[in-house]
Protein chains: 2
Amino acid sequence: MTERGRVTLSDVAAVAGVSLSTASRALNGGGRVSTATRSRIAEAARRLDFRPNALAQSFALGRSRTIGILAQNARGAFTEPVLVGAVAHLGSREQACLLYDTGFDPDTMAESVRRLLARRVDGLLVLGDGLRAGMRSVTAEFSVPVAYAFGLTDREGDSCYVPDSRMAGRLAGEHLLSLGRRRIAHITGDAADTAATGREQGLLAALADAGLPPAADTLRGDWSRAWGATACRRLIGSGARFDAVFCGNDQIALGVESVLRQSGRHVPDDVALVGVDNWEYVISGRSTRHLTTVDTGLAALGAAAAAQVADGREAPGTHAHPCTLVIGATTAGPQPEG
Amino acid sequence: MTERGRVTLSDVAAVAGVSLSTASRALNGGGRVSTATRSRIAEAARRLDFRPNALAQSFALGRSRTIGILAQNARGAFTEPVLVGAVAHLGSREQACLLYDTGFDPDTMAESVRRLLARRVDGLLVLGDGLRAGMRSVTAEFSVPVAYAFGLTDREGDSCYVPDSRMAGRLAGEHLLSLGRRRIAHITGDAADTAATGREQGLLAALADAGLPPAADTLRGDWSRAWGATACRRLIGSGARFDAVFCGNDQIALGVESVLRQSGRHVPDDVALVGVDNWEYVISGRSTRHLTTVDTGLAALGAAAAAQVADGREAPGTHAHPCTLVIGATTAGPQPEG
DNA sequence: GGCCGTTGCGCAACCGCTTGCTCAAGCGCG
DNA sequence: CGCGCTTGAGCAAGCGGTTGCGCAACGGCC
């Protein structure tokens with residue numbers, strides 16, 4: 001025993017003077033074992049520094065302690081945080097994960113599903129690539145829990161986790177209103193993207209609650225800085241008066257800010273600015289944040305979806321994941337730098 | 001057989017009319033099996049759609065098909081891409097991964113190491129948090145391959161993968177020189193960070209090769225946009241003449257750009273600008289990139305480190321991972337928007 | 001005091017696959 | 001023609017646990 005290898009359960013049993021089965025039952029909490037015997041075995045395990053062979057255990061139990069992850073585009077800017085959040089959470093629950101980056105090809109995806117089944121994964125997390133199109137549901141092909149993050153499926157009742165876009169718009173709107181802004185314009189991205197429409201709805205709802213109309217019709221384009229600049233010029237050119245702009249994402253906000261300054265307007269005194277995505281990272285805590293933005297909480301979203309897969313039993317269905325407001329210089333105080 | 005469960009190897013053996021052992025050897029390629037028998041078994045396996053029980057296989061082989069990942073800070077802005085690159089690569093090699101996000105506490109780390117050993121991981125990837133401080137080497141505690149990404153260890157001979165900071169500076173410098181810029185200034189972050197010093201050295205080397213001095217002394221501060229703005233004002237105030245600024249990261253570059261414009265200088269005609277990190281994401285391919293930057297290739301770095309762990313046999317030692325130049329509007333052509 | 005229910009523990013089967021060893025057959029060479 | 005080596009294939013052990021079932025001891029109740 002303990003020759004030069006590991007301590008096995010039979011070592012523990014021998015030391016405790018019981019049989020393998022009793023030792024197993026004692027350590028797993030199940031079965032009928034007297035308190036005295038149980039503690040004797042526990043003590044022996046502790047003394048020997050017994051660590052169960054996870055491989056054998058998994059095998060005997062038929063559970064792999066592994067969660068499969070199917071990503072349509074793991075390297076996407078938005079999927080990365082979701083993925084990391086999920087993987088980190090799984091780690092904290094002692095679950096390994098096996099990631100297949102399938103792209104959008106149904107055949108590759110089907111093949112990956114077969115591989116995961118062969119590997120006896122304990123659960124499956126499917127990572128979408130945003131809200132553009134519904135994913136094909138694979139829930140029925142698995143007997144283990146399946147959840148979807150950052151995307152919706154074509155099947156009712158699947159556990160889907162998506163950012164709460166309406167909340168993002170509402171948070172931004174309410175923040176601007178709380179600063180006394182009354183003429184709020186909205187510049188956003190792709191109208192086909194439900195993130196854009198959700199954020200817009202949230203903003204409009206906040207404005208409606210305050211009894212205010214938007215300062216101008218929503219300007220829709222793409223998600224780029226260039227579009228933000230173009231749209232801002234158009235907004236200025238239209239003659240509309242506005243004291244705040246809610247931008248569909250941070251890139252747009254940067255473009256807008258740039259044009260505002262060129263036109264002689266001061267940010268945030270003349271025009272306050274809010275983006276979405278919290279793309280600006282802060283390395284040291286000292287530096288102040290430039291852009292006020294809404295953090296969509298993607299990592300937490302990934303963790304929540306992972307929790308559903310690993311631990312189960314949140315109610316199935318679509319979960320809109322909350323977001324948070326992050327205040328920066330573009331809505332607060334004077335803006336001293338850059 | 002095939003009752004209601006899975007197809008097992010004994011089913012295949014029975015169909016092929018051979019013993020379990022022969023079937024096992026035939027499918028694994030090893031042992032001595034005649035070509036005829038081998039193909040008969042392969043055919044049977046195909047017909048039955050046999051998929052080996054990965055759990056049992058792992059158990060018998062003593063390999064978990066799992067790589068441990070020890071991250072000091074998984075949610076760091078820079079570790080995320082490294083992590084995703086690594087996890088994705090491991091997936092393509094059929095390796096699961098088990099992530100422990102330990103923080104910097106040595107005790108937590110030691111406990112995680114023990115857990116990973118108990119789980120019989122096939123390899124270990126340690127994810128640092130940049131180049132600030134050396135990590136404690138754990139290579140000796142494992143009999144399986146260990147690699148370190150995004151950080152160096154306190155032990156000679158470990159397999160470490162870090163970004164090539166000098167190359168980043170050199171690429172930026174050579175690009176600016178190739179555009180005809182001759183008065184290149186440098187604004188960068190924390191002088192204690194080897195990423196900052198490496199990039200600076202690379203830039204200076206490129207300038208020296210061209211027989212040019214820098215346009216001004218390097219300005220060192222932090223990595224923030226605010227510092228970029230401050231430094232740029234200082235640079236202008238110093239009266240130095242310059243037609244390009246290489247910025248230690250993209251945030252600094254944004255701050256610099258903002259001040260340049262306020263001061264009436266045109267980017268890139270009057271002053272060209274290069275950052276580092278490639279922080280600007282591009283959602284649709286159409287939109288043009290704003291900032292010229294150096295992509296440090298963190299995902300590829302993670303993949304390379306993972307490859308070393310999973311497949312082994314690159315030479316051990318420190319590997320400086322190459323980076324690439326990404327051209328945007330701040331060095332190319334006229335800058336139409338924002 | 002006898003009977004039955006409960007409790008505590010061990011025996012042995014089993015999970016599905018890998019692999020060392022054994023044995024039989026085939027074949028070339030002296 | 002016989003010997004020994006090579007080749008092909010099977011037997012069975014073992015990996016390290018889990019678990020159904022059986023058995024013995026014990027205690028309460030009529």
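Residue numbers start from 1 in every chain, and the chains themselves are labelled A, B, ... in the order their sequence lines are given, proteins ahead of strands.
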Find the distance [X]:[atom1] to [N]:[atom2] and express it as a whole number of Å.
X	N	atom1	atom2	result
A:Leu55	D:dG14	CG	C1'	15 Å
A:Arg119	C:dG16	CZ	P	18 Å
A:Leu9	D:dT18	CG	P	7 Å
A:Leu20	C:dC14	CG	P	17 Å
B:Asp11	C:dC15	CG	P	12 Å
A:Asn28	D:dT19	CG	C1'	11 Å
A:Leu27	D:dT19	CG	P	13 Å

Determine whether a donor-acceptor pair (one donor, one acceptor, N or O, separation below 3.5 Å) exists between the side chain of [X] and the base of [N].
X	N	answer
B:Ser21	D:dC11	yes
B:Arg32	C:dG20	no
A:Ser19	C:dC11	no

Does a side-chain N or O from A:Gln57 land closer than 4.0 Å to OP1 or OP2 of D:dT18, or not?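 Answer yes for this pair, as a side-chain N or O of A:Gln57 is under 4.0 Å from OP1 or OP2.
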Please state whether the phosphate of C:dC15, meaning OP1 or OP2, lies under 4.0 angstrom from any side-chain nitrogen or oxygen of B:Asn53.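 Negative; the distance criterion is not met.
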Going from [atom1] on [X] to [atom2] on [Y], what distance comes out if it is rounded to the nearest 0.5 angstrom?
X	Y	atom1	atom2	value
A:Ile69	B:Cys97	CD1	SG	7.5 Å
A:Leu90	B:Leu98	CG	CG	9.5 Å
A:Leu125	A:Phe150	CG	CZ	13.0 Å

Nearest to side-chain heavy atoms of [X], which nucleotide of [options]:
X	options	answer
A:Phe50	D:dG17, C:dT19, D:dT18	D:dG17
B:Ala60	C:dG16, C:dC11, D:dT18	C:dG16
A:Thr22	C:dC9, D:dA9, D:dT19	C:dC9
A:Thr8	D:dG17, C:dT18, C:dG16	D:dG17
A:Ala56	D:dG16, D:dT18, C:dG16	D:dG16

Return the 5'-most residue of the pair B:Val33, B:Phe59 with respect to DNA chain D, ranking by each residue's nearest nucleotide.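 Checking each residue's closest nucleotide, the 5'-ward one belongs to B:Val33.
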Please check if the side chain of B:Arg93 supplies one atom and the backbone of B:Gly91 the other of a donor-acceptor pair under 3.5 Å.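 Side chain of B:Arg93 to backbone of B:Gly91, a donor-acceptor pair under 3.5 Å: no, none is there.
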Would B:His321 and B:Tyr161 count as a close aromatic pair, with their ring centres under 6.0 Å?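 No, ring centres 6.0 Å or more apart.
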Output yes when B:Arg51 and B:Asp49 qualify as a salt bridge under the 4.0 Å nitrogen-oxygen rule, no when they do not.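 Salt bridge flag = yes for B:Asp49 with B:Arg51.
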Base, sugar-phosphate alone, or nothing: which one does A:Leu61 contact when heavy atoms must sit under 4.0 Å apart?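 Answer is sugar-phosphate: A:Leu61 comes under 4.0 Å of backbone atoms only.
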Under 4.0 Å between any heavy atoms, over every strand shown, what does B:Ser34 touch: base, sugar-phosphate, or nothing? Just pick one.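 Sugar-phosphate, backbone atoms only, no base.
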Please figure out whether B:Arg25 or A:Arg120 has its closest DNA chain C nucleotide nearer the 5' end.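 Looking at DNA chain C, the more 5' nearest nucleotide goes with A:Arg120.
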